[in-house]
Amino acid sequence: MSSFNRRLLEMIPRRSFVQGVAAAAGSAALAQSKPRFNIVYLHSHDTGRYIQPYGYAVPTPNMQKLAEEGVLFRQAFDAAPTCSPSRASLLSGCCPHSNGMLGLAHRGFSMYDYKRHLAHPLRSAGYHSALLGVHHIASNPALIGYDRIVRPKSQRVEDVVPGALEFFKTAPRNQPFFVDIGFQETHREFRKPGPNEDPRYSIPPNPIPDTPETRYDFAGFKASARMLDGAVGEVMKAVEVNGLAGNTLIICTTDHGIAFPNMKCNLTDQGTGVLLIMRGPNGLSGGKVSDAMVSHLDIYPTLCEMLDIEKPKWLEGRSMMPLVRGEAKEINEQVFAEVNYHAAYEPKRAVRTQRYKYIKCYDNRRRPNLPNCDDGPSKSYWLDKGWKDQPMPQEQLYDLVFDPSEVHNLTGDASKAGTLADMRKRLDTWMRATDDPLLHGPVPAPAGAVANDPEGISPMDRPVPIPKI
């Protein structure tokens, strides 16, 4: 048995222990720390890796500059390719079924204990915390635990950026700060394409076919990415002009893949692959590029190491600092991801190694869950061509070396029987170690939560209360 699997098996189920003793112990440990730098957490909506630093024809010069000055992680993944679960996992350091964010915050889901959120232990360590813009992990942002909440009139960049600029002007100089700045971009509805996003010279992402409709759709994404990049540039400039750059860590990422069919809310790399750029102290500089497989869950323990503080007991990730220092080529044998509720219930799990991806669905559906794909021209094109009746396998195994697009399912290939058994075991080991509710049947939802009918078409259809399980 690998050391990683042994560590998983030794985990203690969290629901009773973590919410009390571990949370208090983690905060107490952080209170003894001596923080030495500010933290700026910049995050976008539905961007995946479709930006310039990852080689795509989506001009984002400010994020390119950030990458050239910091460290870019080319193989970064979220813990869930859906909005609230992804964000809650990054900020709590544990997966959705451990932190409780099993669905979308505006549909009645929440974390089990908001004291797991990074803002709480950082406050104990002497940090001033602030929230500006998108958070999407609580019905009321006051529940999260920030010292200061700026409420712009919208979550679009033009309304969030002014508050961010004011924050950097007035941020306390006698204590470090943690500021969470979230942008609506690049969520649908996309911005109207401008002169630099001519649809005639755009190409949609794999797996979307190249048609006039889909080219226009992706041109809209590029226009939204342009707006996002401008906002990132404004934040970077504000950090500089206010004399904060030398003592500030910038973490720039997104929640999950882009809002196109078979991407967002899917467990292929098109759904779980995310941009991750970090610039700051302790070697996070110089235009380094890492090909190591990392997870959003690794950010919290990375901060613990950088700040020389004890890791809370609930953390499921590993520090990325050995990668930054050049001491290791990998920190993870595998990374995991999950979906429970998005617009509709769609329980599924995945494990990824450098070579293989294994996905298992638990709802016995044989057709696509259409409400879990955002509406748009590309979705309409697929629907017109019969997407609703396309088969959906319950198990998927992909060789990421010879099939990086994850289209050739190998579960029926006798030559891969050993690999399939190994990947099944990896997933089962993780689910048992983290006390996954799927082991006991359908995932229960909190009272009052709502969801769409999986047999529907659009996430904009009226949701209904989720029956008690």
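Given the structure is predicted, the values throughout are model-derived calculations rather than measurements.
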Check your understanding: Pairs in or reaching into residues 361-394: which pass ring-ring contact (aromatic ring centres under 6.0 Å, His included), with residues at least two apart or in two chains?
Key -> Trp382-Trp387

**Study point:** Pairs meeting criterion salt bridge (charged side-chain N to carboxylate O under 4.0 Å, His left out) with involvement of residues 52-65, two or more places apart
**Key:** Lys65-Glu69

Check your understanding: Does Arg107 have any salt bridge (charged side-chain N to carboxylate O under 4.0 Å, His left out) partners at least two apart in sequence or in another chain, and if so, which?
Key -> none

Point to revise | With sequence neighbours excluded, residues passing side chain to side chain contact (heavy atoms under 4.5 Å, CB included) with Asp389 | key: Arg367

Practice item. Just jot down the side chain to side chain contact (heavy atoms under 4.5 Å, CB included) partners of Asp384, sequence neighbours excluded, or say none. Key: none

Point to revise | With sequence neighbours excluded, residues passing ring pair (Phe, Tyr, Trp, His ring centres under 6.0 Å) with His296 | key: none

Study note, to complete from the structure: Residues passing the side chain to side chain contact (heavy atoms under 4.5 Å, CB included) test with Gln155, sequence neighbours excluded, are Val134, Gln184

Exercise for review: Tell me, please, which residues at least two apart from His43 pass ring pair (Phe, Tyr, Trp, His ring centres under 6.0 Å).
Suggested key: Tyr41

Check your understanding: Restricting to pairs with a member in residues 458-469, which pass side-chain hydrogen bond (donor to acceptor under 3.5 Å, both in side chains), not counting sequence neighbours?
Key -> Asp375-Ser458

Practice item. Apply ring pair (Phe, Tyr, Trp, His ring centres under 6.0 Å) to His106 and list each qualifying residue two or more places apart in sequence or on a separate chain. Key: His136

Practice item. Could you list the residues that satisfy ring pair (Phe, Tyr, Trp, His ring centres under 6.0 Å) with Phe183, not counting sequence neighbours? Key: none

Review point. In terms of heavy-atom contacts, does CD of Glu189 have more than 12 from other residues, nucleotides or ligands at under 6.0 Å?
Key: no

Check your understanding: Which residue pairs pass the ring-ring contact (aromatic ring centres under 6.0 Å, His included) test when at least one of the two sits in residues 53-90, sequence neighbours left out?
Key -> Tyr50-Tyr56

